[in-house]
Novice: 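Have a look at this one before I ask anything.
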Amino acid sequence: MCGIVGFTGTKDAAQTVYEGLKRLEYRGYDSAGVAVMSGGEINVVKKRGRVSGLGGEILGLHGNTGIGHTRWATHGEPSDINAHPHSSGRFTLVHNGIIENFAELKEKFFPNTAFVSQTDSEIIVRLIDKFFDGNALAAVAKVSALLKGSYALAVMCTGFEGIIVVKYKSPAVVGYGTDGNYIASDCPALAGLCKEISVLEDGDLAVITPSEVKFYGGDLKEIRRVKKRNHAISAALDLCGCPYYMLKEIRENAAAVKATVKAFSSVKKNLKAALVGVNRVIITGCGTAYNSGLIAKRYIESFAHIPAEAEIAGEFRYKNPVVGSGTAVIAVSQSGETADTVGAAELSKSLGAKVIAVTNAPYSALTRIADVVVPVEAGPEICVAATKSYTGQIAALYLTACLICGRDSSEINSLPELINSTVEHTDINSLAQICASANGVYFLGRDLDYAVAVEGSLKLKEITYIQSEGYPAGELKHGTLALIGEDKVAVVLITDKELAAKSENAVEQVLSRHGKVAVITNVAECAERLSGRVPVIPIPACSAELSPLLSAAAVQLLAYRTAIILKRDPDKPRNLAKSVTVE
Ligand code: F6R
């Protein structure tokens with residue numbers, strides 16, 4: 001959610017920052033900008049549109065210190081004016097986050113001043129310039145103390161060959177390169193550039209110059225932040241011959257599950273210890289991560305017979321939840337930085353719950369709150385729509401549920417091969433054609449199939465913009481059936497032999513109302529019964545409990561192919577961004 005990047009060193013800053021922004025574009029892509037110090041002066045190029053739109057113009061920026069921003073608009077429409085960096089007097093800055101009290105601050109300190117932009121960020125640079133009395137770091141610290149909300153800021157000051165950084169509830173890492181030092185919103189932006197990084201904590205300030213990095217607390221006393229290995233490698237950012245990251249990442253589902261299973265053994269002991277005495281489990285997250293929680297709830301209840309709930313983090317944290325010392329809260333997040341999920345984890349911890357983070361980001365905010373971190377080893381996920389992180393989460397949650405009750409989990413070792421087979425051999429193109437011309441697509445299923453149906457629907461709507469819902473197959477006749485007609489498609493997921501006949505009822509109900517129906521199944525009897533009557537998309541057979549790993553890949557492919565037919569960019573859907581660090 002907005003990407004920031006900065007460099008100060010011996011090479012060309014504009015090009016370095018530009019390349020960094022391209023890597024961070026999944027955090028927002030409605031406008032972009034770069035500022036570079038040249039001869040003591042700061043020059044800015046910024047524009048509405050994608051980072052590549054800056055191309056030619058940034059070649060005119062010459063210097064060795066620069067900052068950049070790729071925006072996901074919150075306050076103020078995407079426009080050249082609202083694009084970052086913002087400047088006032090001798091200062092120029094980029095901001096990731098939201099300043100909730102920007103209107104009060106403006107009223108208090110600049111009551112009669114017309115601001116240039118409609119952003120909540122301009123107030124910050126105006127205040128820094130106002131409070132500057134010769135010490136730029138002190139001015140940044142003073143202004144940070146006034147801000148409410150979330151911010152990662154990279155600030156440049158004319159005449160100072162370096163960058164001042166401050167962080168509160170938005171992520172920021174400093175990177176140590178051979179040709180200078182870096183700041184970025186996350187580690188993948190620094191892949192191949194920095195072997196070592198330091199993660200800023202809330203309230204930290206940092207001053208980065210070509211030769212050194214110093215950290216300070218809000219009181220301006222120097223503090224230490226450890227150097228950690230940057231696990232992100234630049235090869236992971238390669239498209240590997242795929243036209244889009246989404247396809248590449250769907251193809252990496254199997255590897256994500258395999259690596260997650262392998263990594264799980266290292267946390268078993270701590271996880272088991274953390275779960276002693278737990279008599280209730282809440283799984284929380286947002287979007288796709290919440291959808292993996294729908295699966296986890298079913299695993300935990302049916303395997304371990306422990307009451308489990310899946311809660312949307314943004315709802316859970318504001319509903320005065322009943323959470324106590326016998327509760328384990330499993331916070332699921334690909335990025336580990338989603339504001340609502342981090343907030344839900346913090347709240348749960350303050351209420352005495354054990355907090356378990358299931359995340360793909362080892363240095364994220366969520367990992368710093370959690371009692372135990374269960375790693376998802378999906379590798380960097382660049383496409384805004386989550387794919388391999390979802391299957392990685394399912395694997396981690398399956399293993400967690402098995403661990404709780406000592407259940408044999410060895411079947412999951414055979415899943416990577418079956419996932420690969422699903423991705424390589426599932427012929428989803430004709431169904432994608434049907435969906436592309438539909439006026440609404442309903443994903444239906446029961447139990448675990450319903451949980452995957454919700455995710456299938458999210459994937460389709462977010463990258464194709466087709467109206468879609470995920471619905472329990474049994475609920476169809478209680479309302480949604482009213483929407484079914486010739487222009488609608490129902491995709492029914494059937495992977496549980498015991499429930500197959502019940503879900504087939506939904507197929508019949510849609511057919512009787514002249515709706516179009518297709519079935520994704522690995523139940524042989526079901527495929528036999530329906531073949532010739534409706535399109536049947538077979539996926540490999542495995543137990544019902546692990547079938548979500550296969551049906552998930554199938555619905556991801558369906559969304560991808562439909563987006564391609566409709567000429568949508570699946571990697572950068574409209575209005576969205578990855579890593580939602582604002583509420
Ligand atoms: C959907 C998608 C989002 C994220 C959600 C949570 O494809 O990617 O719904 O799942 O924003 O993000 P994380 O997992 O980073 O907390």
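Atoms within each ligand, like the ligands themselves, are counted from 1 in listed order. Treat the numbers as computed from the prediction; the structure is a model and nothing was measured.
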Novice: Which residue holds the protein heavy atom closest to atom 2 (C) of ligand 1, what is that atom called, and what is the gap in Å?
Specialist: T288 OG1, 3.7 Å
Novice: Is the shortest side-chain heavy-atom distance between I466 and L566 below 4.5 Å?
Specialist: yes
Novice: Which atoms of ligand 1 sit under 4.0 Å from any heavy atom of K459?
Specialist: 1 (C), 7 (O)
Novice: Can you tell me if N291 has a non-hydrogen atom under 4.0 Å from ligand 1?
Specialist: no
Novice: Does a salt bridge link E381 with K578, judged by any charged N lying under 4.0 Å from a carboxylate O?
Specialist: yes
Novice: I'd like to know if R225 and D204 make a salt bridge, using a cut-off of under 4.0 Å between side-chain N and carboxylate O.
Specialist: yes
Novice: Which residue and atom name correspond to the protein heavy atom nearest atom 14 (O) of ligand 1, and how close is it?
Specialist: Q334 N, 2.6 Å
Novice: Does any part of the side chain of V267, heavy atoms only, come nearer than 4.5 Å to the side chain of V373, both counted from C-beta?
Specialist: no
Novice: Considering heavy atoms of the protein only, find what lies nearest to atom 11 (O) of ligand 1 and give residue, atom and distance to 0.1 Å.
Specialist: V580 CG2, 3.8 Å
Novice: Would you mind checking which non-hydrogen protein atom is closest to atom 15 (O) of ligand 1, with the distance to 0.1 Å?
Specialist: S335 OG, 2.7 Å
Novice: Evaluate the side-chain proximity of K22 to E19: yes if any heavy-atom separation is below 4.5 Å, no if none is.
Specialist: yes
Novice: Please state whether E337 comes within less than 4.0 angstrom of ligand 1, counting heavy atoms only.
Specialist: no
Novice: Can you classify the ring geometry of H231 versus Y363 as parallel (below 30°), tilted (30 to 60°) or perpendicular (above 60°)?
Specialist: tilted
Novice: Hey, which atoms in ligand 1 end up nearer than 4.0 Å to a heavy atom of A289?
Specialist: 10 (O), 14 (O)
Novice: As an exercise, identify every atom of ligand 1 less than 4.0 angstrom from a heavy atom of V384.
Specialist: 8 (O)
Novice: Give me the residue, atom name and distance of the protein heavy atom closest to atom 5 (C) of ligand 1.
Specialist: C286 O, 3.5 Å
Novice: With the side chain counted from C-beta on, respond yes when I539 and T521 share a heavy-atom pair under 4.5 Å apart, and no when they do not.
Specialist: no
Novice: Checking contacts here: is it the side chain or the backbone of E462 that comes within 4.0 Å of ligand 1, counting heavy atoms only? Could be both or neither.
Specialist: side chain
Novice: List ligand 1 atoms under 4.0 Å from A385, heavy atoms only on the residue side.
Specialist: 7 (O)
Novice: Among all protein heavy atoms, pick the one closest to atom 12 (O) of ligand 1 and tell me residue, atom and distance.
Specialist: T338 OG1, 3.4 Å
Novice: Got Y390 and E455 here, is their nearest side-chain heavy-atom distance under 4.5 Å?
Specialist: yes
Novice: Could you tell me whether G287 and ligand 1 have an N or O pair separated by under 3.5 Å?
Specialist: no
Novice: For the ring pair Y442 and Y471, is the centre-to-centre distance below 6.0 Å?
Specialist: no
